[in-house]
Amino acid sequence: MAAKARGLCGVTLHVLPAGPIQTNAYLLTAPERGEAVLIDAPGNVWADVAPLLATEKCALRELWLTHGHWDHTQGAAEVVRATQARVRGHRADRALYETPEVMSAFLMPGLQLEAVMVDEWVEQGTRFAALGMDVEVRHVPGHCPGNVLFYLPAAQAAFVGDALFNGSIGRTDLPGGNFAQLENAIRTQIYALPDATAVYPGHGEPTTVGAEKEGNPYVRG
């Protein structure tokens, strides 16, 4: 699917659905800085990322993984080999990153997974700078133990993985899933963000915190 690009507080956001089940990867590019960040790495996403980096003359500095499920990490090792990007993720999903064969029971037939090593473990309240912006990490488990969101206050944007979707929420019937935990995380970590915050999910179209608080049928604000 063709990339969708939009401006986001001085950087360009490229939405790159990729892999067997069209998982959203998000490429943030800052041509004036010559830098870029990728959020999640579904299968074969490098084929979409590489030409964008070349066109915008950006080097991929970091790969942020919202959680360890295979559809978000299948292309991660390829991306790291090509760019030496620094990888960030939550320690609760360490086994999924380093020994992805543990997910074999719920893989699509014929899929091959490769381990990815995380360079920096993030957790609730971790803060760092990237692309000239401050980034805050919030832990939102319930779909997956290590699901985190990356919140960019200046851009009024949160990349939430599979915790919350436009009009829906992440599955809780997979290993490590827990509906009560996810509901609490959505209320305390996502719905606590300003209503105008754009929510970029792991699948489907973006939404806003305010829209989900008002209309999400699974977790009302």
Side-chain angles (χ1 to χ4, degrees), residues 1 4 6-9 13-26 28 37 39-40 42 64-73 88-93 96 103 106 122-128 133-221:
M1 182 179 294
K4 302 175 185 177
R6 63 194 75 187
L8 195 71
C9 193
L13 169 62
H14 302 272
V15 185
L16 305 171
I21 58 174
Q22 290 293 282
T23 301
N24 289 332
Y26 297 100
L28 295 169
V37 168
I39 304 171
D40 285 340
W64 305 343
L65 298 173
T66 61
H67 63 295
H69 281 164
W70 67 268
D71 57 309
H72 294 255
T73 63
R88 299 180 191 260
H90 194 282
R91 193 181 297 273
D93 282 355
L96 302 182
M103 293 181 279
F106 57 97
V122 297
E123 58 187 21
Q124 173 71 21
T126 296
R127 294 175 184 269
F128 57 92
M133 292 186 286
D134 292 329
V135 183
E136 177 190 343
V137 177
R138 295 189 174 203
H139 188 204
V140 283
H143 168 70
C144 193
N147 200 120
V148 293
L149 68 80
F150 296 94
Y151 174 49
L152 284 60
Q156 294 186 296
F159 299 87
V160 303
D162 286 359
L164 182 69
F165 300 124
N166 188 328
S168 189
I169 61 173
R171 293 175 60 175
T172 58
D173 59 334
L174 296 172
N178 182 296
F179 175 77
Q181 189 179 45
L182 179 59
E183 181 181 32
N184 179 68
I186 290 172
R187 291 187 189 281
T188 61
Q189 302 304 323
I190 301 180
Y191 287 178
L193 296 171
D195 283 356
T197 304
V199 173
Y200 293 98
H203 302 271
E205 295 297 317
T207 182
T208 66
V209 169
E212 296 311 308
K213 285 169 66 175
E214 181 177 351
N216 191 293
Y218 298 95
V219 181
R220 290 294 181 97

*Should we say atom OH of Tyr218 is surrounded by more than 12 heavy atoms from elsewhere, each under 6.0 Å from it?*
no
*Looking only at heavy atoms, what is the nearest atom pair of Pro201 and Tyr26, with distance?*
O-OH, 2.5 Å
_Give me the atom names and distance for the closest heavy-atom approach of Ala163 to Ile190._
CB-CD1, 4.1 Å
_To the nearest 0.5 Å, what is the distance between CG on Leu164 and CD1 on Ile186?_
5.0 Å
*Show the numbers, then the answer: is there a ring-ring contact (aromatic ring centres under 6.0 Å, His included) between Phe159 and Phe150?*
CA-CA 5 Å; Phe159 299 87; Phe150 296 94; 8.2 Å; no
*asked:* If you apply the rule side chain to side chain contact (heavy atoms under 4.5 Å, CB included), what do you find for Tyr200 with Leu8, and how did you get there?
replied: CA-CA 12 Å; Tyr200 293 98; Leu8 195 71; 4.0 Å; yes
*How long is the gap from CG on Leu174 to NE2 on His143, to the nearest 0.5 Å?*
6.5 Å
*Between atom CE of Met133 and atom OH of Tyr151, what is the distance when rounded to the nearest 0.5 Å?*
12.0 Å
_Checking the side chain of Asn166 only, and the main-chain atoms of Gly204 only, is there a donor and an acceptor separated by less than 3.5 Å?_
no
*Option passing side-chain hydrogen bond (donor to acceptor under 3.5 Å, both in side chains) with Asp162 (candidates His69, Arg171, His72)*: His72
_Sidechain-backbone polar pair: Arg187 side chain, Arg220 backbone, donor-acceptor under 3.5 Å_ = yes
*Can Arg88 be said to sit on top of Phe128's aromatic six-ring, NZ or CZ under 6.0 Å from centre and within 45° of the ring axis?*
yes
*Give, for atom CG of Leu28 and atom CG of Leu152, the distance between the pair rounded to the nearest 0.5 Å.*
6.5 Å
*asked:* Rounded at 0.5 Å granularity, tell me how far NZ in Lys213 sits from OG1 in Thr208.
replied: 10.0 Å
*Apply side chain to side chain contact (heavy atoms under 4.5 Å, CB included) to the pair Val160 and Val140, showing each step before the final yes or no.*
CA-CA 8 Å; Val160 303; Val140 283; 5.6 Å; no
*Taking all heavy atoms of Glu212 and all of Gly167, pick out the closest pair and write down the distance.*
OE1-N, 3.0 Å
_With rounding to the nearest 0.5 angstrom, report the CD to SG distance, Gln181 to Cys144._
10.5 Å
*Mind running side chain to side chain contact (heavy atoms under 4.5 Å, CB included) on Trp64 and Val122 for me, showing each step along the way?*
CA-CA 10 Å; Trp64 305 343; Val122 297; over 6 Å; no
*Looking at Pro42 and Ala25, what are the two nearest heavy atoms and their distance?*
CD-CB, 3.6 Å
*Closest contact, heavy atoms only, Arg138 versus Gln189*: NH1-O, 2.8 Å
*Close side-chain approach of Asn147 to Pro141, heavy-atom, < 4.5 Å*: no
_With a 6.0 Å cut-off (strictly less than), is the heavy-atom count around CD of Gln124, excluding the residue itself, greater than 12?_
yes
*For the residue pair Leu193 and Val209, what are the closest heavy atoms and their distance?*
O-CG1, 3.6 Å
*Please step through side chain to side chain contact (heavy atoms under 4.5 Å, CB included) for the pair Asp40 and Leu65, ending with a clear verdict.*
CA-CA 5 Å; Asp40 285 340; Leu65 298 173; 4.1 Å; yes
